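Heads up: the structure comes next, in structure tokens.
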Number of protein chains: 2
Amino acid sequence: MLTIGTMAKRTGTKVQTIRYYEQIGLMPEPGRTGGGQRRYGAADLDRLAFIRHARELGFSLEAIRELLDLSDTPEKSCAEIDAVAQRQLREVQARIARLQSLEVELRRMIAECHSDRVADCRILEVLRDHEECLSDHKGAGLRGMPL
Amino acid sequence: MLTIGTMAKRTGTKVQTIRYYEQIGLMPEPGRTGGGQRRYGAADLDRLAFIRHARELGFSLEAIRELLDLSDTPEKSCAEIDAVAQRQLREVQARIARLQSLEVELRRMIAECHSDRVADCRILEVLRDHEECLSDHKGAGLRGMPL
DNA sequence: CTTGAAGCTACAGTTGCTGTAGCTCTTATA
DNA sequence: TATAAGAGCTACAGCAACTGTAGCTTCAAG
């Protein structure tokens, strides 16, 4: 029987986070001591480890919920699980691409600043006047995406 | 004199977001018509475009606030502006590195699933049993970092 | 003068937690 | 067995950076 603190230490989770997962139904309600404290079993520890690892891989809690549900129906579900993972991979790749273009632009910005030692800083100019910023805002593109 | 909707269209911002920026003091309080509607000038449009472009580059609203404050003091501030940009670049690079390692792991996971056609899906196993997940949770590492 | 789009305020909700206040419980030691 | 530290409890507020909703008012074209 594990206390919530032990669960937290073993999985690198904060205690409040575990309670939060319980609150949103991602972790089951565990047993309690007479005094009302939570006591967990080995299966709970596995489940929490699963959640944390998936979170580290960038899966949303919704996707994790999906994976946990799928794992309860072992037949016919490998393809669906694969689809969730594929979707996650595509999201990660899109974020990488986006960040890489940001990196290029930031580098360029910083380079221009250094080349222009005495005059006013170019970084602010670049930020102010970037071409595509006062036009062409119909296409949504990646705008809503988290970086 | 520009309406808030025109500002929104020109910069690709939602109307509510502009009002939000005003609320948190990032945009100034504009003039109002007799009926209470906001009317903006060219300087406001520039400032909003600056904010949006910086946001697209991944700068936090706090960093943008810093840049806007610095841009009001043109002397001696280029180095500080450069520092903000350098910090942003480092953050972007760290996020790219993190995402790339996620990508590798996701790919590996998916590959194992495909190689194992009939048996139970390996993805769940991998998520459940990753080596470092039930140990070594003292070092913070990149754990708190946004992906 | 009417009508419909656009604007207004105020507030709730989003994601994934984290922090705080003010308690109570457990457990090791004296 | 008493006590005290540390861990746990609930309930709620707060974070970033918006987004959406309800229910109204104003503006501008025809």
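Computed from a prediction, not measured in an experiment: that's the story for all the values here. Residue numbering restarts at 1 for every chain, and letters A, B, ... go by the order of the sequence lines. Below, each value reflects all heavy atoms present in this structure, side chains not excepted, and no hydrogens, waters or symmetry copies.
For C/dT18, one of the phosphate oxygens OP1 or OP2 lies less than 4.0 angstrom from a side-chain nitrogen or oxygen of A/Thr17. Within the 4.0 Å cut-off from OP1 or OP2 of D/dT10, at least one side-chain nitrogen or oxygen of A/Arg38 is found. Within the 4.0 Å cut-off from OP1 or OP2 of C/dG7, at least one side-chain nitrogen or oxygen of B/Thr3 is found.
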Please list, pair by pair, any protein nitrogen or oxygen found under 3.5 Å from a nitrogen or oxygen in nucleotides 20-22 of chain D.
from	atom 1	to	atom 2	distance (Å)
D/dG20	OP2	B/Lys14	NZ	3.3
D/dG20	N7	B/Gln16	NE2	3.2

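Contact check of residues 21-35 of chain B against DNA chain D (heavy atom, cut-off under 4.0 Å) returns B/Tyr21, B/Thr33, B/Gly35.
Using a 4.5 Å cut-off on side-chain heavy atoms (C-beta onward), A/Gln88 and A/Val92 make contact. Counting only heavy atoms from C-beta outward, the side chains of B/Ile51 and B/Phe59 never approach each other to under 4.5 Å. You'll find the side chain of B/Asp44 stays beyond 4.5 Å of the side chain of B/Leu2, heavy atoms only.
Every residue two or more places apart in sequence or in another chain was checked for a side-chain hydrogen bond (donor to acceptor under 3.5 Å, both in side chains) with A/Glu29, and none qualifies. For B/Arg107, the side-chain contact (heavy atoms from CB on, under 4.5 Å) partners two or more places apart in sequence, or in a different chain, are A/Leu89, A/Gln93, B/Glu103. A/Thr3 is linked by a side-chain hydrogen bond (donor to acceptor under 3.5 Å, both in side chains) to A/Thr6, counting only residues two or more places apart in sequence or in another chain.
Rounded to whole angstrom, the span from the CZ atom of B/Arg52 across to the C1' atom of D/dA17 amounts to 9 Å. Separating the CG atom of A/Leu2 from the C1' atom of C/dT26 is a distance of 16 Å, rounded to the nearest angstrom. As rounded to whole Å, 14 Å separates atom C1' of C/dG7 from atom CE of B/Met7. Straight-line distance from the CZ atom of B/Arg65 to the C1' atom of D/dA17: 12 Å, rounded to whole Å.
The residue among B/Arg39 and B/Leu61 whose nearest nucleotide of DNA chain D is located toward the 5' end is B/Leu61.
With B/Arg95 as the partner, the side chain to side chain contact (heavy atoms under 4.5 Å, CB included) test is satisfied by one option alone out of A/Ile96, A/Leu102, A/Leu99: A/Leu99.
With B/Thr11 contributing its side chain and B/Met7 its backbone, the two residues share a donor-acceptor pair below 3.5 Å.
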Expected list for residues 20-27 of chain B: side-chain donor-acceptor pairs under 3.5 angstrom, two or more places apart:
from	atom 1	to	atom 2	distance (Å)
B/Tyr21	OH	B/Arg52	NH1	2.6
B/Glu22	OE1	B/Arg38	NE	2.7

